[in-house]
Structures are given as structure tokens and as C-alpha cells.
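To find a chain, count down the sequence lines: A is the first, B the second, and so on, and within it residues start at 1.
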2 protein chains.
Amino acid sequence: MSTAQDMLFRTLADPTRRALFERLCREGEKTVGALTERAGVSQPVVSKHLGILKQAGLVRDRHEGRQTHYSAQLGALAPLVDWTSEMAGFWQSRFDALENLLKRMDQ
Amino acid sequence: MSTAQDMLFRTLADPTRRALFERLCREGEKTVGALTERAGVSQPVVSKHLGILKQAGLVRDRHEGRQTHYSAQLGALAPLVDWTSEMAGFWQSRFDALENLLKRMDQ
DNA sequence: TCGCTCCATAGCTATAGGTTTATCCATAGC
DNA sequence: GCTATGGATAAACCTATAGCTATGGAGCGA
């Protein structure tokens with residue numbers, strides 16, 4: 001089984017891809033051409049990365065004539081936040097258990 | 001330059017590695033042998049992944065006789081939280097700008 | 001000292017995936 | 001209809017890396 005976290009981590013692991021997503025977050029909707037200009041890679045690479053980002057739900061595409069506009073879908077980051085919270089939660093509960101133990105020992 | 005986010009995303013992108021980190025978060029400190037039992041991969045692979053996790057600051061090791069105990073370092077997740085917040089922040093500010101524009105247009 | 005256990009390292013192979021070039025499709029302009 | 005442009009797809013290449021086995025080395029017990 002492939003979890004949502006797995007998809008997100010793998011998708012965001014590539015620097016080029018993450019940079020594309022960051023630009024869409026910072027600057028809002030952009031066409032493939034506009035994204036390619038400062039991406040440092042060729043247009044096919046940009047298209048492919050956008051496809052992967054789309055598959056992960058991190059971006060949305062809107063067709064207008066012969067150009068495609070992409071925009072960030074921030075909600076897709078939710079599983080990432082959830083995962084981080086979960087890990088922190090486990091840590092916290094173990095910390096609480098330790099605190100409890102120390103209190104009991106103190107009595 | 002290799003940012004902290006890059007390191008974290010790449011490190012956590014591998015399922016085996018992430019599973020190891022999750023177990024350390026859930027169950028606390030564990031030896032390499034204990035981790036290897038349910039990892040589904042060989043011991044050298046576990047050692048290698050633990051090394052990468054350590055390099056990313058996600059785990060800490062403690063030597064005791066011939067066994068090595070590993071534990072999760074939750075603080076290392078901070079750059080991840082920061083990055084997510086930053087992305088959300090950009091989105092929010094663009095949203096605010098839009099809201100502002102709509103208010104002005106409404107007047 | 002001699003084995004035995006625990007972990008790390010080295011060497012190797014195989015596969016995943018990022019990049020490029022070439023090409024195709026659809027749309028816009030003339 | 002013809003050409004040019006924006007974007008997507010295909011094929012080929014190549015690097016990175018996850019996995020294995022084999023081995024080394026350090027601590028423990030007899």
C-alpha cells in the first residue's frame with residue numbers, strides 16, 4: 001500500500017519539483033512557459049514534474065487556449081502536517097509517561 | 001547549497017527509512033537488532049538507513065557495550081514545519097490580497 | 001584465549017527516476 | 001489552409017541509491 005505521506009514525501013524530495021511548487025505558492029498561478037523560464041531545466045522536464053505534482057494533488061491545472069495554467073493546492077499538504085503531528089504526539093505521550101513515572105517514583 | 005528541507009524530504013522519502021523513524025517515535029529507544037527484526041530488510045540495510053537518519057539529525061545513537069541504541073530526535077522536524085508554514089503563509093497572503101481587492105471593488 | 005554476538009563497512013548489482021533531444025498534438029494567427 | 005507556438009509524450013541515457021552478501025572489528029562469555 002502507498003500512503004498519502006509516502007506520495008508527498010517522494011514528490012517533494014526532488015529539489016526542482018519542490019522549487020516549482022514553492023514558486024506556485026509564492027507567486028500564484030503560472031503557465032508552463034513562465035515556470036520554465038527560471039526553472040533551470042528544459043520545458044519537457046517542467047511538464048513532467050508538474051504532472052507528478054498534479055498526481056500528488058499538490059497542483060491544479062487549468063487549460064486556456066493552448067496554454068496550461070498551474071496553481072498550488074495547499075490543502076494537499078494536510079497529510080504531511082498530520083504525520084508530523086502524529087510523530088510529535090507519540091513523542092509527547094512517551095514523554096508524559098516518563099513524567100508520570102518520575103512523579104510516582106517521587107512519591 | 002543543500003537546504004535543511006532538502007535533507008529532510010530526501011531522507012524521509014524512503015519508506016523503509018521513514019518506517020524506522022516512525023518506530024523510534026512510537027516505541028522509543030531501540031537497538032539495531034530490535035529494529036532489524038521487523039524491518040523486512042537485512043541488518044546492514046538497517047544500519048545504513050540509521051546512518052542516513054543520523055546524518056539528517058533525525059536520530060541519535062548511544063553506544064552501550066556491543067550494542068547501539070537509537071532514538072528519535074523530534075526537534076529535527078522543525079525545518080519541515082517551518083517550510084509548511086511558510087508555504088501556507090504565502091498562500092494566505094495572496095488570499096488576503098485577493099480579499100482586499102474584492103473589498104475595494106465592492107466599495 | 002577462543003569463540004560468539006552485535007553492529008558497521010565494503011563491494012556489488014539492479015532498479016528507479018531525473019534530464020535531454022526529438023516528435024506529436026492542439027490552438028492561434030495570417 | 002499554412003505556419004508558428006505552447007505544451008505533452010516517447011525514447012534513450014545516466015546517475016543515484018536501495019538492496020544483497022561477505023567481511024571486519026569490537027565487546028562479552030567460557
Side-chain angles (χ1 to χ4, degrees), chain A residues 1-3 5-24 27-73, chain B residues 1-3 5-24 27-73:
Chain A
M1 117 191 167
S2 178
T3 66
Q5 299 99 12
D6 194 63
M7 189 85 151
L8 285 177
F9 276 119
R10 261 189 318 167
T11 301
L12 294 171
D14 182 73
T16 305
R17 207 148 50 211
R18 200 170 57 255
L20 285 172
F21 179 69
E22 287 183 13
R23 275 193 69 192
L24 290 176
E27 309 171 12
E29 193 181 71
K30 289 233 170 295
T31 67
V32 175
L35 287 170
T36 301
E37 280 183 22
R38 304 199 169 206
V41 289
S42 64
Q43 174 267 316
V45 170
V46 173
S47 277
K48 189 178 175 186
H49 282 310
L50 287 171
I52 296 174
L53 284 167
K54 181 183 173 187
Q55 201 171 351
L58 286 164
V59 301
R60 218 173 71 82
D61 60 344
R62 180 174 68 80
H63 299 280
E64 185 179 329
R66 43 182 182 178
Q67 39 196 5
T68 311
H69 299 257
Y70 282 88
S71 55
Q73 289 286 100
Chain B
M1 118 190 166
S2 177
T3 66
Q5 300 98 13
D6 193 63
M7 189 85 148
L8 285 178
F9 275 120
R10 260 187 319 167
T11 301
L12 294 171
D14 182 74
T16 304
R17 208 151 47 212
R18 199 170 57 254
L20 285 172
F21 179 70
E22 288 183 12
R23 276 194 67 192
L24 289 177
E27 310 172 10
E29 192 180 73
K30 289 234 171 292
T31 66
V32 176
L35 287 170
T36 300
E37 279 182 22
R38 305 201 167 205
V41 290
S42 64
Q43 173 267 316
V45 169
V46 172
S47 277
K48 189 177 173 187
H49 281 309
L50 287 172
I52 296 174
L53 284 166
K54 182 183 172 186
Q55 201 171 351
L58 286 164
V59 301
R60 218 172 71 83
D61 61 343
R62 179 174 67 82
H63 298 280
E64 184 180 329
R66 8 167 216 194
Q67 39 194 4
T68 311
H69 299 257
Y70 282 88
S71 55
Q73 289 286 99

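Sorted by first then second residue, the salt bridge (Lys or Arg N to Asp or Glu O under 4.0 Å) pairs that include residues 47-58 of chain A, not counting sequence neighbours, are A/K54-A/D61.
Considering only heavy atoms from C-beta on, A/T68 stays 4.5 Å or farther from A/R62 through its side chain. Residues B/L24 and B/K30 have side chains in contact (heavy-atom distance under 4.5 Å, counting atoms from C-beta outward). A/Y70 places none of its side-chain heavy atoms less than 4.5 Å from the side chain of A/R60.
When base pairs are accepted only as Watson-Crick or G-U wobble with both N-N or N-O distances under 3.5 Å, DNA chain C takes part in stems of 3 or more pairs at C:1-30 with D:1-30.
Rounding to whole angstrom units, CZ of residue A/R18 and C1' of C/dG17 are separated by 16 Å. At whole-Å resolution of the value, CZ in A/R62 and C1' in D/dG7 are 15 Å apart. Counting to the nearest Å, the P atom of C/dA28 and the NE2 atom of A/H63 are 13 Å from each other. Distance A/Q67 CD to D/dA4 C1': 14 Å, rounded to the nearest Å. As rounded to whole Å, 11 Å separates atom C1' of D/dA8 from atom CG of A/D61. For B/K30 and C/dC7, the NZ to P distance is 12 Å, given to the nearest whole Å. Between the P atom of C/dA28 and the CD atom of A/E64 lies a distance of 9 Å, rounded to the nearest Å.
Between B/R10 and A/D14, none of the side-chain N atoms (NZ, or NE/NH1/NH2) sits under 4.0 Å from a carboxylate O, so this pair counts as no salt bridge.
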Identify each atom pair where a protein N or O and an N or O of nucleotides 24-27 of chain C are less than 3.5 Å apart, giving names and distance.
{"residue": "C/dT27", "atom": "O2", "partner": "A/R66", "partner atom": "NH1", "Å": "3.3"}

Expected list for residues 34-45 of chain A: side-chain donor-acceptor pairs under 3.5 angstrom, two or more places apart:
{"residue": "A/T36", "atom": "OG1", "partner": "A/V32", "partner atom": "O", "Å": "2.8"}
{"residue": "A/Q43", "atom": "NE2", "partner": "A/S47", "partner atom": "OG", "Å": "3.1"}

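With respect to B/L20, the side chain to side chain contact (heavy atoms under 4.5 Å, CB included) criterion is satisfied by exactly one of B/L58, B/V59, B/L53: B/L53.
Looking at residues two or more places apart in sequence or on another chain, you find a side chain to side chain contact (heavy atoms under 4.5 Å, CB included) between B/Q67 and B/T31, B/H69.
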- Message: So if I define the base as every atom that isn't primed, P, OP1 or OP2, how would nucleotides 11-21 of chain D read as a B/S/- string at a heavy-atom cutoff under 4.0 Å?
- Response: ------SBBBB

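Looking only at distances, no side-chain donor or acceptor of A/R17 sits under 3.5 Å from a matching main-chain atom of A/L12.
Residues A/A72 and A/F21 share a closest heavy-atom pair of CB-CE1, 3.9 Å. Between A/A56 and A/L8 the shortest heavy-atom distance is O-CD2, 4.3 Å.
Considering only side-chain N and O atoms, A/Y70 lies under 4.0 angstrom from the phosphate OP1 or OP2 of D/dA8.
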